[in-house]
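Contents: one structure, followed by commentary.
Whatever order the structure lists them in is the order used to number ligands and atoms, beginning at 1. This one's a predicted model, so the numbers in the text were calculated from it and none came from an experiment.
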Amino acid sequence: MIIFKRAVDLDNYLFEQKRSGKNIAFVPTMGALHQGHLSLVGRARQSGLVVCSIFVNPTQFNDPEDFRNYPVNIANDIELLVRGGCELLFLPSVEEIYPAGFSKKQYDLGPIELTLEGAHRPGHFQGVCQVVDRLLQIVQPHDLFMGQKDYQQCMVIRKLIGLLGMEDKVNLVVVPTVREKDGLAMSSRNLRLSSEQRKKAPLLFETLNFIKDHLSQFSIPELKEQAKKELTNHGFKVDYVEIADAQTLAPLQDCSGSCVALVAASTGKIRLIDNLSLN
Ligand code: AMP
């Protein structure tokens, strides 16, 4: 695997690869890699030359403590990427992504920016768009791989690709969530769970399954209420349990079309999110 720290070097290398007809498959990450990230790399391998980036993007953290405590383990990440078949790694510094004089754009993302994650993490999606915009300009991939684990983020990036006029150039591929044996969605933040918190953490996925299994028995408000109560009773601080339209994320009162259940809740200082398609 070749590691690039400077955008110009990666750009030069990719220019040659593209000229020789290679399809560029890009997997952006913040590191502390796990099997979820590696499933994106695995999918990317089927599509072409795999470029992965590791960059803990400061502008998407609305909570400075979360940023300070974000797990970093580059040596282990490199080992996993080599074993996973990644060919190129982009490992930029903050200055490389946001050079002096970098001017911040404002992205008009519409209602998805301010709902759910957006409502609880002000500015988060603007920060995500800032870094993904920059990475897309540098890598100019044919295919971009992202995880369904971050359902709303995938929608935001689809919107961003449209705003950038790149819909004919960049194909967004959404990869299913990889879970631990007990159902917990894999996440870099899981590394920070205490053993007590780790035991409780699968309750998010259990709650989503409860909703899915009881759709015909209870109304949507009742299901959301029961889900919140169950999580709260187990010591979670619930940010939201929502049942929403799978395409717009608008909250639903009935689930006749395609819909998705989404949850965000904290145990101690660790905030977890998960989602499940309901039909
Ligand atoms: P992150 O490093 O958390 O920014 O994640 C980088 C990419 O990996 C994003 O597209 C995530 O949605 C994806 N990802 C994270 N966790 C998982 C998972 N458990 N299963 C599938 N994809 C994931």
Side-chain angles (χ1 to χ4, degrees), residues 25-47 50-63 66-67 69-74 76-78 80-81 84 86 89-92 94 97 112 116-118 121 124-136 139 141 143-161 170-193 198 201-202 204-205 208 249 260 262-264 270-277:
F26 182 41
V27 182
T29 81
M30 297 204 299
L33 301 181
H34 49 67
Q35 289 304 318
H37 297 111
L38 292 182
S39 85
L40 270 62
V41 171
R43 270 295 283 107
R45 277 181 74 180
Q46 297 167 15
S47 133
V50 182
V51 185
C52 188
S53 64
I54 296 179
F55 178 65
V56 185
N57 174 35
T59 71
Q60 72 186 67
F61 286 82
N62 54 308
D63 174 1
D66 189 25
F67 176 59
N69 292 324
Y70 200 83
V72 175
N73 193 345
I74 294 294
N76 190 54
D77 289 348
I78 290 174
L80 288 176
L81 286 175
C86 175
L89 170 62
F90 184 38
L91 194 58
V94 174
I97 294 295
I112 45 164
L116 303 174
E117 284 303 284
R121 302 186 66 188
H124 170 63
F125 287 126
Q126 287 295 325
V128 168
C129 285
Q130 216 172 70
V131 72
V132 174
D133 181 358
R134 189 77 180 102
L135 291 168
L136 288 179
V139 178
D143 296 312
L144 171 65
F145 295 84
M146 305 200 89
Q148 189 184 339
K149 152 96 186 352
D150 297 282
Y151 192 96
Q152 191 174 1
Q153 173 168 276
C154 292
M155 295 180 66
V156 164
I157 296 307
R158 201 175 289 290
K159 175 86 185 173
L160 173 72
I161 290 171
V170 182
N171 170 41
L172 175 64
V173 181
V174 177
V175 179
T177 304
V178 177
R179 300 179 178 282
E180 302 287 356
K181 282 203 183 77
D182 59 11
L184 174 64
M186 289 191 183
S187 164
S188 306
R189 287 188 177 84
N190 294 351
L191 290 170
R192 295 180 51 213
L193 294 168
R198 175 65 188 81
L204 269 76
F205 188 52
L208 293 171
L249 286 190
V260 57
L262 306 105
V263 60
I270 316 300
R271 185 172 182 277
L272 302 170
I273 61 170
D274 202 351
N275 66 82
L276 186 65
S277 296

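Proximity to M186 (heavy-atom distance under 4.0 Å) selects the following atoms of ligand 1: 16 (N), 17 (C), 18 (C), 19 (N). Taking every heavy atom of M146 and a limit of under 4.0 angstrom, the matching atoms of ligand 1 come to 10 (O). Atoms of ligand 1 found under 4.0 Å from any heavy atom of M30 (numbered from 1 in listed order, with element): 1 (P), 2 (O), 4 (O).
Looking at P28 against ligand 1, only its backbone comes within 4.0 Å, counting heavy atoms. In P176, the part holding a heavy atom less than 4.0 Å from any atom of ligand 1 is the backbone. Residue-level proximity to ligand 1 for H34 is carried by the side chain, the only part with a heavy atom below 4.0 angstrom. Residue contacts with ligand 1 for L40 involve side-chain atoms from C-beta outward but no N, CA, C or O (heavy atoms, distance under 4.0 Å).
The protein atom (non-hydrogen) at minimum distance from atom 20 (N) of ligand 1 is V178 N, 2.9 Å. With respect to atom 9 (C) of ligand 1, the closest heavy atom belonging to the protein is G147 N, 3.9 Å. In terms of protein heavy-atom proximity, atom 12 (O) of ligand 1 is closest to D150 OD2, 2.6 Å. Counting only heavy atoms of the protein, atom 8 (O) of ligand 1 lies nearest to H37 CD2, 3.4 Å.
Taking the six-membered ring where the residue is Trp, Y70 and F61 present perpendicular rings, their angle passing 60° and hence far from 30°.
Annotation: side chain of L33 is in contact with side chain of I54 (closest heavy-atom distance under 4.5 Å). The side-chain heavy atoms of R271 and R121, taken from C-beta on, include a pair separated by under 4.5 Å. Within the 4.5 Å cutoff, the side chain of C52 has heavy atoms near those of the T29 side chain.
Atom CZ in R45 sits 10.0 Å away from atom SG in C86 (nearest 0.5 Å). A distance of 13.5 Å separates CG of D150 from CE of M155, quoted to the nearest 0.5 Å.
A donor-acceptor pair shorter than 3.5 Å can be found between the side chains of Q130 and T59.
Taking both residues in full, the closest heavy atoms of L262 and L208 are given as N-CD2, 4.1 Å, listed atom of the first, atom of the second, then distance.
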